[in-house]
Amino acid sequence: MTTTATNATAPPSSPSRPDPARPDRPRREPRRIAFGHRLSRWDLKLSPYLYVSPFFILFIVVGLFPIAYTAVISFMDWDLVRNSGEFIGFEQYVYVLTQPKFWIALRNTFSIFLLSSVPQLILAIFIAAMLDQNIRAKTFWRMGVLLPYVMAPVAVALIFSNMFGDKYGLVNTTLADLGIPPIMWHSDAFASHVAIATMVNFRWTGYNTLILLAAMQAIPRDYYEAAAIDGASKLRQFFAITVPSLRPTLIFVIITSTIGGLQIFDEPRMYDQYGTGGADSQWLTITLYLYDIGWGQWNFGRAAALAWILFLIILAIGIINLLVTQRVVRDEGARGSLGRREQRAAARAARRDLRRATSSGTLADAPAPTTDTPEAAR
Amino acid sequence: MTVKLSRRTTVIAAAAGAASIALIAAGCAPASDSGSDDGGKVELTVATFNDFGYTDELLQEYMDENPNVTVVQNKAATSNDARANYFQKLGKKGLADVEAIEVDWLPEVMQYSDLLAEVPSGTADRWLDWKVDAATDADGRLIGYGTDIGPEGVCYRSDLFAAAGLPTDRESVAALLEGDWAKYFEVGAQYTAATGKAWFDSAGGTYQGMVNQVEAAYEDPDSGDIIATDNAEVEDIYNQVLDASAAQSAHLGQWSDDWFAGLSNGAYATMLCPGWMLGVISGNAEGVTGWDVANVFPNGGGNWGGSYLTVPANGAHVEEAQKLADWLTAPEQQIKAFVNAGTFPSQNDAYTDEALTGFVNEYFNNAPVGEIFTDRAKAVSVAPFKGEFYFQINDAMQKALTRVEDGTQDKQASWDQWVSEVEAIG
């Protein structure tokens, strides 16, 4: 194949090559660029940055500053009331990392996150697939799944923690009626994680369902028709068409629920009357621990250090997420089948070619440059 | 007012607590440190929480007496909200001219006593001695105007007592329980033997009553050093309450959903009862006729909860604010507040006032609660020292008790974990 670059240069071997002194054809002069022209070039190049800048300016002012300030405070023994502190280096970090509570909180956070995200996404795909069918009163059902999301998390937590009462809760009373021994929702760590994950699932499943439903509706119906004609069962259609088409959306949903899961706060805080994560830290999450240090003990230096540790954890998870994402969806953001670097290399080669070809043209010489033209084009 | 257990948060209160974060973020409390001074007019703000019994009529009385003053009250939903707001703004701008604080966080406030205006001398003998002592800092400055206190009696279910063959009228019950904690648990053993049901609600609540009788439980009053883990008294109380708890406790953590359910379904027969607890019981166990209150408390008297008014020193109208706080905490006004909201006065003169002593509570079988709690207040002989870390240590202790009660750990393991947690504090 020839690239556009090679097309632009007249083949040097061609006999009708213009003479060095070709007064008949006006020599290609550098075009004078009018100001308006230049403006529209800048417009093309700069405006996108201008349009996205409000967010970044706002972020620097209200986002970056607090983050940096938190970093400063995390190296200090900070007194909130007197607004002063004493520099103590990494002591706060060392303190937090050597607290058994911190590691328990980390374990709880991941446990609750997995218990909520995994079943929630599976359930959401399933419900979305159901809603994607041709059913009666579609809007009613679709609005219905979003209903729990409208409820305030605190209200959800109030209701659920009542249900999960150890002695007189609805769940345990029902279990007792069935002759099953009661589950100690507030003393067994795993049971408490299940209870909290239930609240999270109740609230977020519908939200994720709607996002997945929207993605499902974007899948061309022809695929299903074709599959149906080929004799594929509904189940087969679901796994062979629906699920693969959902990939990019699924990744979005996974990333958002990861971030949400690592920052879980409302539900565990409302799970008992004290909001400090249980007598044995059974359901203490990192943000709950952070809140307790900051607003329970007024130790802002330590809370700031923990906030930074949490930030680094989320960053690490984010990078892992990114790597997985790139692996799963290859062509995301790329053009054609070439990688970005390959594309750039090809463009560079083409430009070099063009330059060489035009300069050789003025010298009216041998076909030497031609040899590497096709090479670059390849 | 009031208060309830250290960091008591009822479930609903906790809900509001979560909302308080948003409140803080929004920079609430437009409180007027910028009172309009035009024509000598002064606007004063009073920030309280829950219900201090400061009704519009009461505040109007003050405005009538002082025509140049307008009083505006900001009520926070819970003491936790008020605490968060208080420490965010203390020493800066934005606090009300008169700010209410609760005894639970008084030790924290005392660290910043220099940022508060001193109570003018001459009124200190208005209050009970220990109420004054707790709000006096190392330099001898009194920074809080005492409002109410939480003298404790024993609430009991007379119907359950009858079923167990125990006396039911409040005089006989008082006589029955007269004595120390061992006596209380001994009667409890009788009750459990007779009925197989729980005697008290939780180890945590009972421990609270016991530890409030220890002069210096967790910290050395002189040096401020943490002595909790080596304190034999604390360990003894811990063992005593947990030994009894095994058979006699309903294992219902105070303020939990199960505990509220237990108030009405008879899960436990007795409960240690500060004055303000009466409202909690009658409010959550409507229709239960058995609750009564006995004029007795194991091992003498005990106090649980109570509040103060403070005046931030950097306010715009410190002098006027002091006058208002002084007026609000005078015996006459405090009795009115008691009638309005059941907040038991901390003022000596109030205890001889007919309006207080003659007050009868219908729900508790017409118990003369005014008289009973006056007696209970007089019986308080110890003002426990609560230092900078009291809140955290006590919080860890409550969790340690809960771990044993819910069977997560045995007594020794839970104690050891508490020791290591206390060692990490500071």
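- In this structure, chain B has a heavy atom under 4.5 Å from the side chain of A:Asn83, while its backbone stays farther away.
- A:Leu80 and B:Phe87 make their closest contact through CD2-O, 3.5 Å (heavy atoms, listed as atom of the first residue, atom of the second, distance).
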Would you check, one step at a time, whether the test side-chain contact (heavy atoms from CB on, under 4.5 Å) holds for A:Asp280 with B:Gln417? CA-CA 9 Å; A:Asp280 200 18; B:Gln417 185 172 330; 3.2 Å; yes
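- Although no hydrogens or angles enter the test, the distance criterion places no donor-acceptor pair under 3.5 Å between the side chain of B:Asp258 and the main chain of A:Gly165.
- Only the backbone of B:Gln111 comes within less than 4.5 Å of a heavy atom of chain A; no side-chain atom from C-beta onward does.
- Atom OG in A:Ser281 sits 7.5 Å away from atom CZ in B:Arg403 (nearest 0.5 Å).
- Side chain to side chain, B:Lys399 and A:Thr276 meet the donor-acceptor criterion of an N or O pair below 3.5 Å.
- With a 4.5 angstrom heavy-atom cutoff, B:Ala396 does not touch chain A via any of its atoms.
- In this structure, A:His186 and B:Asp406 approach most closely via the heavy-atom pair O-OD2, 4.2 Å.
- The backbone N or O of A:Trp295 sits less than 3.5 Å from a side-chain atom of B:Arg83, completing a donor-acceptor pair.
- Taking chain A as the reference chain and counting heavy-atom pairs below 4.5 Å, the highest number among B:Thr408, B:Leu401, B:Thr402 is found for B:Thr408.
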Walk me through whether A:Asn299 and B:Gln392 qualify under side-chain contact (heavy atoms from CB on, under 4.5 Å). CA-CA 12 Å; A:Asn299 199 330; B:Gln392 288 178 52; over 6 Å; no
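- Chosen from A:Ala189, A:Gly296, A:Ala155, A:Ala152, the residue pairing most often with chain B at heavy-atom distances under 4.5 Å is A:Gly296.
- Pairing each heavy atom of A:Trp298 with each of B:Ala84, the nearest pair is CH2-CA, 3.8 Å.
- Between B:Ala267 and A:Tyr168, the closest heavy-atom pair is CB-OH, 3.3 Å.
- In this structure, the separation between CD on A:Gln297 and CZ on B:Phe389 is 9.5 Å, given to the nearest 0.5 Å.
- The contact between B:Leu115 and chain A is made entirely by side chain atoms (from C-beta outward), counting heavy-atom distances below 4.5 Å.
- At a threshold of 4.5 Å between non-hydrogen side-chain atoms, the residues B:Phe260 and A:Asn162 do not count as touching.
- In this model, no donor atom of one side chain and acceptor atom of the other lie less than 3.5 Å apart for B:Asp257 and A:Gln273.
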